[in-house]
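See below for the structure under consideration.
For the single chain, residues carry numbers from 1 onward in sequence order. When a ligand or atom number is given, it counts from 1 through the structure's own listing order.
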Amino acid sequence: MNVPMLDLVAQYATIKDEVLAAMMKVVEAQVFIMGPSVPQLEVEIARLSHAKHGIGCASGTDALLLPLKALNLKPGDEVITTPFTFFATAGTIHNAGGTPVFVDIQPDTFNIDPAAVKRAITPRTRAIVPVHLYGQMVDMLELMTIARAKGLKLIEDAAQAIGARRKMDGEWRMAGELGWVTGYSFFPSKNLGAWGDGGMIVTSDDAAADRLKKLRLHGGAKQYHHEEVGTNSRLDTLQAAVLLAKVPHLGQWSAKRREHAAYYTKALADIPEVTPPVVDPANEHIFHQYTLRAERRDELQGHLKKEGIGHAVYYPVPLHRQPCFAHLGYKDGSLPQAERAAREVISLPIYPELTPAQRDRVVDTIRGFYR
Ligand SMILES: *Cc1c(COP(=O)(O)O)cnc(C)c1O
């Protein structure tokens, strides 16, 4: 039995009728640009995030780029982020005119280390971009305290964490609720995936929402009147319709992912060569990825490949070691936790439609490798 890393066709089979009907409504109306599904989805995602405003845009990358552009960064302005993330987190800092400053991660959650953030602040620091990696929230309280004390903007990269939450002072706080602005991605493989590219920004700052709405539409609130230079980064109406039909399922899908994660963690507990993911007790993880540390990781990868078991390494090269950022001067060993994670991590299939037999096959194959 082969087990794919992700099976979008299995999900399609469960929601086909609802999604196709929603898409056909858009097709029948022929309103493809900023049709009613876009503001409807903006309201839904803002509500889910306990935020006031949602601003649909063309991708998760743009959901980070537009807020970074709204900071009007000057050459030499610094934005602190994690090196252990998808490239877009730091690529957008560069493309908005800033300098990414990478700090190390916490070895348990793989998330940015707030103490390292604090040490990296300089007079040129303008913002912090934490990433809720694999679907588990960062320790936001620490970062909010630091950001407030230093007058920095917090831009949450929640591309992998839609619907994730964290208990703070006895209350559940959502990914997307606590930063100045948050970016989501609707890339098809994300927990809430479109049938193409898409993204959304959420914020509770009215002025930021106005500004971001302008930036996604060539810098003007009124057509053909431009207060500043923006770009075209609208969310496609067809994608918004697909997402609106999928949103009601998101909670159940995340619960399924948690169930698979709990199963894996229990089943792998007696294999000393692997370390299952650590969930901070304050967090409700949505398991965008289920990521182990594994001894002889590269050999394990080869074994899983041979056995037809889906797997992936997120991420094999930390961003401070990417050739495009060589000019920033980081060396091998600069950020040891991120570098070690890049050598040791491997993610397993965790999509909601995974069957018990498939899970067992994944576990047995890993057990077989280490025996
Ligand atoms: C997917 C992802 C993005 C970018 O989203 P796109 O929709 O692919 O542009 C940004 N940051 C992280 C952490 C991601 O996983």
Side-chain angles (χ1 to χ4, degrees), residues 5-6 8 41 45 49 54-69 79-96 98 100 102-103 105 109-112 127-138 140 154-164 175-176 179 181-202 212 216 231-236 238-240 242-243 246 254 257 285-291 312-320 322 324-325 338 341-342 345 347 350-351:
M5 183 59 186
L6 179 66
L8 289 175
L41 183 73
I45 301 298
S49 318
I55 300 119
C57 60
S59 68
T61 300
D62 277 3
L64 298 171
L65 181 62
L66 296 177
L68 285 160
K69 287 222 178 218
V79 178
I80 300 173
T81 193
T82 167
F84 198 57
T85 176
F86 179 61
F87 183 74
T89 312
T92 50
I93 294 170
H94 174 92
N95 283 336
F102 297 110
V103 302
I105 57 169
T109 61
F110 303 107
N111 276 331
I112 196 166
I128 308 167
V129 184
V131 179
H132 304 306
L133 197 72
Y134 304 145
Q136 163 158 240
M137 278 177 74
V138 166
M140 288 298 289
L154 259 179
I155 299 174
E156 293 176 61
D157 181 342
Q160 303 185 3
I162 191 160
V181 166
T182 297
Y184 291 119
S185 165
F186 302 128
F187 186 81
S189 68
K190 300 287 159 79
N191 285 31
L192 181 64
W195 288 359
D197 274 308
M200 191 169 295
I201 304 161
V202 297
L212 291 163
R216 84 170 160 185
T231 186
N232 169 7
S233 181
R234 292 176 292 241
L235 175 61
D236 189 278
L238 278 170
Q239 298 306 337
V242 169
L243 291 161
K246 290 179 87 174
S254 297
R257 287 171 179 269
H285 201 315
I286 61 156
F287 285 101
H288 173 59
Q289 298 298 343
Y290 181 90
T291 304
V313 171
Y314 305 114
Y315 297 88
V317 183
L319 301 187
H320 68 288
Q322 295 289 348
C324 65
F325 291 134
V345 295
S347 301
I350 187 85
Y351 57 90

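With a heavy-atom cut-off of 4.0 Å, Thr61 touches ligand 1 through backbone and side chain alike.
Atoms of ligand 1 lying under 4.0 Å from at least one heavy atom of Thr89, given by number and element, are 11 (N). In summary, the atoms of ligand 1 found under 4.0 Å from a heavy atom of Thr85, numbered by their order in the structure, are 13 (C). Of all the atoms in ligand 1, the ones that sit under 4.0 Å from a non-hydrogen atom of Ala159 are 2 (C), 3 (C), 10 (C), 11 (N), 12 (C), 14 (C), 15 (O). Those atoms of ligand 1 with a heavy atom of Val131 less than 4.0 angstrom away are 13 (C). Atoms of ligand 1 lying under 4.0 Å from any heavy atom of Ala88, numbered from 1 in the order shown and given with element: 4 (C), 10 (C).
Within the structure, ligand 1 has Lys190 among the residues with a heavy atom less than 4.0 angstrom away.
Side-chain N or O atoms of Thr92 include none that pairs as donor or acceptor with a backbone N or O of Thr61 at under 3.5 Å. Side-chain N or O atoms of Asn191 include one that pairs as donor or acceptor with a backbone N or O of Ile286 at under 3.5 Å. With Thr81 contributing its side chain and Val129 its backbone, the two residues share a donor-acceptor pair below 3.5 Å.
Of the N and O atoms on the side chains of Tyr134 and Ser347, not one donor lies less than 3.5 Å from an acceptor on the other residue.
Atom 11 (N) of ligand 1 has as its closest protein heavy atom Asp157 OD2, 2.8 Å. Here the protein heavy atom with the shortest distance to atom 15 (O) of ligand 1 is Gln160 NE2, 2.9 Å. Counting protein heavy atoms only, atom 7 (O) of ligand 1 is closest to Ser185 OG, 2.7 Å. Considering only non-hydrogen protein atoms, atom 8 (O) of ligand 1 sits nearest to Phe187 CD1, 3.8 Å. Considering only non-hydrogen protein atoms, atom 3 (C) of ligand 1 sits nearest to Phe86 CD2, 3.6 Å.
Open room surrounds NZ on Lys69; 12 or fewer heavy atoms of other groups in view lie less than 6.0 Å from it.
Between Ala161 and His132, the closest heavy-atom pair is CB-CB, 3.5 Å.
Partners of Tyr315 by side chain to side chain donor-acceptor pair (under 3.5 Å), not counting sequence neighbours, listed by chain and number: Gln160.
Under the side chain to side chain contact (heavy atoms under 4.5 Å, CB included) test applied with Thr85, the options Leu319, Ile105, Asn111 reduce to a single match, Leu319.
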